[in-house]
Amino acid sequence: MRRASEKGATGDNNSQDGSDNGAAGAGGGSLFSSFGGNGGGKVVDKSKERVDSEAIAQAAIDKARNTLELKRFLEENKTDEQRYEEVRKKIERQMKELDG
């Protein structure tokens, strides 16, 4: 039994593994070409998956989005003391680089 990444990497255009083999018969398309936004991708049969890859991918996207949101929030709500400390550290780093 081969993994999905191996199926897509072999370039086997006649396989029915559900991978997108490129648009307009380009052949040997990327395993991830269905994410390109061309809109006309074929439906993938996920009944043979051992894990719910969509749920895993969505969880990773949600975690990244939440982390980015938290980072922005913390950056926007810094106190004057925190900003002062960042500037002081930046100046110290620059001085060390110059001294060398």
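Source: prediction; values computed, not measured. Numbering of residues begins at 1 and proceeds along the displayed sequence.
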Could you tell me whether R65 and D62 have a side-chain N and a carboxylate O separated by less than 4.0 Å? yes
Could you pull out the closest heavy-atom pair between R83 and E75, with the gap in Å? NH2-O, 4.1 Å
Quick one: does any side-chain atom of Q82 pair with a main-chain N or O of T79 as donor and acceptor, under 3.5 Å? yes
Measuring from [X]:[atom1] to [Y]:[atom2], what's the distance to the nearest 0.5 Å?
{"X": "K90", "Y": "R93", "atom1": "NZ", "atom2": "CZ", "answer": "8.0 Å"}
{"X": "E54", "Y": "I61", "atom1": "CD", "atom2": "CD1", "answer": "10.0 Å"}
{"X": "M95", "Y": "E92", "atom1": "CE", "atom2": "CD", "answer": "9.5 Å"}

Please assess L68 against R72 for the test side-chain contact (heavy atoms from CB on, under 4.5 Å), listing each intermediate value before the final yes or no. CA-CA 6 Å; L68 185 60; R72 281 190 202 134; 3.2 Å; yes
